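Keep in mind that this is a model prediction, so the values were computed, not measured.
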Amino acid sequence: KEFSAYLQDGQRILDWGCGNGRLISLLHDQGNKIDYYGVDQSIELLKHAKKLNQEAVKQKTAHFYCTDKRDKNFPPNFFDLVFMVASFFHLPDDATREALLKKTFQELKVGGYLLMTVWNLESDWAKKKQKKDWQKIGKGDYLIPWKDPTGKILVERYYHHFTKDELVDYVKKAGFKIISVHFSSLVSPTDEKGGRNLVVIARKP
């Protein structure tokens, strides 16, 4: 809902780290006709994404690509919007983060927007999670367990905690102009303590 002001009919949209493709349903709920592209490294999550969006895939308004073995490249000036919702923080180092943002900058049209959210570990919500079962492995670096319904740990996910200044520096370095940076709860902007997410909205000038 927070990003709905940036949606328009006919846009070509990239969902980087799309997982099970839940974003496309939210985009369609806004009533916009879009051309959606989702990329993710998990082939199993992409199977769910294609199943959940069978009709859009059939009509070729939704496209999904697995980047487990090879990155997916798009032409320059291809997208109107790029979403990175709870995904950028899984990248493990400076070089990988910088390369992705530079690539994204090239693939966005002039005037296009990057819409990004990362978890805010300074929030009360995150601090409770950290104490419970998150493992700190370095400065701002964590392993977070992914559990099945019985509580069994299936895998440990890498996560990097970005401060507001750190994330803004990455985005600016890639060439973007910052439009907005703020903390957000599930429904509205808030302060650092209450905001589960840090939101960055940036534009390709």
Side-chain angles (χ1 to χ4, degrees), residues 1-91 96-119 167 170-172 174-182 184 186-187 197-205:
K1 290 182 179 179
E2 184 173 351
F3 294 146
S4 62
Y6 296 92
L7 296 173
Q8 297 177 18
D9 279 345
Q11 287 177 321
R12 190 178 287 135
I13 293 174
L14 173 64
D15 182 8
W16 189 88
C18 66
N20 66 1
R22 66 177 183 166
L23 181 63
I24 188 174
S25 299
L26 298 174
L27 296 175
H28 283 158
D29 287 346
Q30 298 295 320
N32 297 101
K33 296 178 181 179
I34 58 169
D35 192 15
Y36 171 95
Y37 292 74
V39 300
D40 201 278
Q41 66 175 1
S42 171
I43 188 65
E44 296 301 323
L45 282 173
L46 288 172
K47 287 178 182 178
H48 284 286
K50 291 176 182 178
K51 186 175 181 180
L52 289 170
N53 299 283
Q54 290 182 53
E55 190 60 30
V57 171
K58 184 178 179 181
Q59 294 179 1
K60 297 184 178 180
T61 59
H63 321 266
F64 295 97
Y65 302 93
C66 183
T67 55
D68 180 31
K69 292 183 170 56
R70 188 188 330 184
D71 202 2
K72 175 62 180 176
N73 294 311
F74 297 96
N77 307 307
F78 192 70
F79 294 109
D80 298 284
L81 299 177
V82 173
F83 286 88
M84 293 185 185
V85 178
S87 54
F88 186 71
F89 50 54
H90 289 308
L91 296 177
T96 307
R97 297 166 193 151
E98 290 173 4
L100 173 64
L101 289 175
K102 288 179 181 177
K103 177 177 181 294
T104 300
F105 185 87
Q106 292 173 350
E107 292 173 352
L108 260 176
K109 296 177 182 178
V110 173
Y113 288 90
L114 169 66
L115 309 172
M116 179 189 291
T117 72
V118 298
W119 295 342
L167 191 57
Y170 274 112
V171 175
K172 282 184 174 180
F176 289 97
K177 178 182 178 181
I178 301 295
I179 303 300
S180 175
V181 183
H182 59 272
S184 178
L186 295 179
V187 293
N197 293 308
L198 173 60
V199 178
V200 173
I201 299 173
R203 182 174 178 269
K204 179 176 177 177

Would you say that L198 contacts F89 through its side chain, given a criterion of any heavy-atom pair below 4.5 Å between the two side chains?
no
Looking at Q106, K204, E107, which hits side chain to side chain donor-acceptor pair (under 3.5 Å) with N77?
K204
dist K103:NZ -> L101:CG (nearest 0.5 Å) comes out at 11.0 Å
Distance check, rounded to the nearest 0.5 Å: R12 atom CZ versus D35 atom CG?
6.0 Å
Please round to the nearest 0.5 Å and tell me the distance separating atom OH of Y37 and atom CG of D15.
13.5 Å
Spacing of CG belonging to L7 relative to CD1 belonging to I13, to within rounding of 0.5 Å
5.5 Å
Shortest non-hydrogen contact between F88 and R97, atoms and distance:
CZ-CB, 3.5 Å
Restricting to non-hydrogen atoms, name the atom on V199 and the atom on T117 that form the minimum distance, rounded to 0.1 Å.
CG2-CG2, 4.1 Å
When the aromatic ring centroids of F3 and Y113 are compared, is their separation below 6.0 Å?
no
Using atom types as modelled, flag every donor-acceptor pair under 3.5 Å from a side chain in residues 40-51 to any protein atom, sequence neighbours excluded.
| unit_1 | atom_1 | unit_2 | atom_2 | d |
| --- | --- | --- | --- | --- |
| D40 | OD1 | S42 | N | 2.9 |
| D40 | OD2 | C18 | N | 3.3 |
| D40 | OD2 | G19 | N | 2.8 |
| S42 | OG | L45 | N | 3.1 |
| E44 | OE2 | K47 | NZ | 3.3 |

Value for CG (L115) from CZ (F83), rounded to nearest 0.5 Å, stands at 5.0 Å
Salt bridge K102-E98, side-chain N to carboxylate O under 4.0 Å
no
Output all residues satisfying side-chain hydrogen bond (donor to acceptor under 3.5 Å, both in side chains) with D71, sequence neighbours left out; order by chain, then residue number.
none
Rounded to the nearest 0.5 Å, what separation is found between the CZ atom of F176 and the CE atom of M116?
8.0 Å
Holding to side-chain contact (heavy atoms from CB on, under 4.5 Å), I want the full list of residues that pass it with V39, two or more places apart in sequence or in another chain.
L14, W16, Y65, T67, K72, F74
If I compare all heavy atoms of P205 with all of G175, which pair ends up nearest, and what's the gap?
CD-O, 3.6 Å
Write down the atom of G21, the atom of Y36, and the distance for their closest heavy-atom approach.
CA-OH, 4.1 Å
Between D80 and K109, does any side-chain N to carboxylate O distance fall below 4.0 Å?
yes
If you take all heavy atoms of N20 and N53, which pair is closest and at what distance?
O-ND2, 4.5 Å
Neighbour count >12 (heavy atoms, 6.0 Å) for atom CZ, R22
no
